[in-house]
Amino acid sequence: MLTSRFAPSPTGRLHRGHAFSALTAWRAAREAGGRFLLRIEDIDPTRCRPEFEAAILEDLAWLGLDWDGPVRRQSEHLTEYAAVIEALDGRGMLYRCFRTRKDILDGIGDAPHGPMEAARPGPHPAEEEGALLAEGRPFAWRLSLDRAREALGDRWEALAFVEEGRGLITARPETAGDVVLARKDAGTAYHVAVTHDDALQGVSHVIRGEDLFEATHVQVLIQALMGWPTPVYRHHRLLVGDDGRRYAKRDRSVTLEQLRAGGLTPEQLRAELGF
Ligand code: GLU
């Protein structure tokens, strides 16, 4: 059965872009007689706020969306994500990273691998790691691409996913570097929580914005390492505002709350978005 989901993070009010994304995933499920799930991705303790979660539910209901089963709230499942980290660590896939963002950016310097996301700082030397651990310094867990590649052998080259409308796409997880799978502050990170939940909830179609296209490459690797199925993906276009920039939570003028306050009806918004 086709199962799709909308998985917002409660870090702000929803805007038109979210409405488009939610409607796209919802319609795919409803047209196929499938299931549509709502998941609140609230593992970031500094940015997520309960009042934004309440606002998300209100905005979606106003839009006329309905979802199947209870809402899954990721902050209530941290032990499940910790078990994934433990399993990967037990297989030697992870290494501790005590570095700060600044250390890593300094370390990258002029190296060709570019942005922060592509960082591959590598494990600390054993002695240094021992000392940092003894000091009780906080650390993140990073996925070692080298160890993952070793573990998968021939399957590394075959990593791929189906993008609806485009066909089979080879996954290139290496472009993201040794991604953080457990943040210092949260004990888990987006890629772990999202892949765990997509697998657990039987999500067959991940329909989300094209800003997450690169993330999919990493997620396909995690699925292979964990033995989870890879869903079909559809990365939809991002809506842009009048100024040609894509909507973001910082653009307060286009939140659904404000559109509603300004008298826009859900029918009008849906029509405007093509639904
Ligand atoms: N929680 C993520 C976000 O708000 C989306 C996750 C996903 O769709 O995979 O951007």
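Atoms within each ligand, like the ligands themselves, are counted from 1 in listed order.
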Determine whether the side chain, the backbone, both or neither of Val206 has a heavy atom under 4.0 Å from any heavy atom of ligand 1. neither

Check: Asp42 side chain, Gln74 main-chain N or O, donor-acceptor pair, under 3.5 Å: yes

Determine whether Trp228 and Val84 make a side-chain contact, defined as any pair of heavy atoms from C-beta on separated by less than 4.5 Å. yes

Any idea which heavy atoms bring Phe139 and Arg96 closest together, and the distance? CZ-NE, 3.3 Å

Does a salt bridge link Glu58 with Arg260, judged by any charged N lying under 4.0 Å from a carboxylate O? yes

Taking 4.0 angstrom as the limit and counting only heavy atoms of Glu41, give me the atoms of ligand 1 inside it, by number and element. 1 (N), 2 (C), 5 (C), 6 (C)

For residues Thr216 and His235, is any side-chain donor paired with an opposing acceptor at under 3.5 Å? yes

For Val194, counting its heavy atoms only, list the atoms of ligand 1 lying under 4.0 Å from any of them. 9 (O)

Does the residue Phe6 have a heavy-atom contact with ligand 1, meaning some pair of atoms that are separated by less than 4.0 Å? no

What atoms of ligand 1 come within less than 4.0 Å of a heavy atom belonging to Arg5? 7 (C), 8 (O), 9 (O)

Any nitrogen or oxygen of Ala7, main chain or side chain, under 3.5 Å from a nitrogen or oxygen of ligand 1? yes

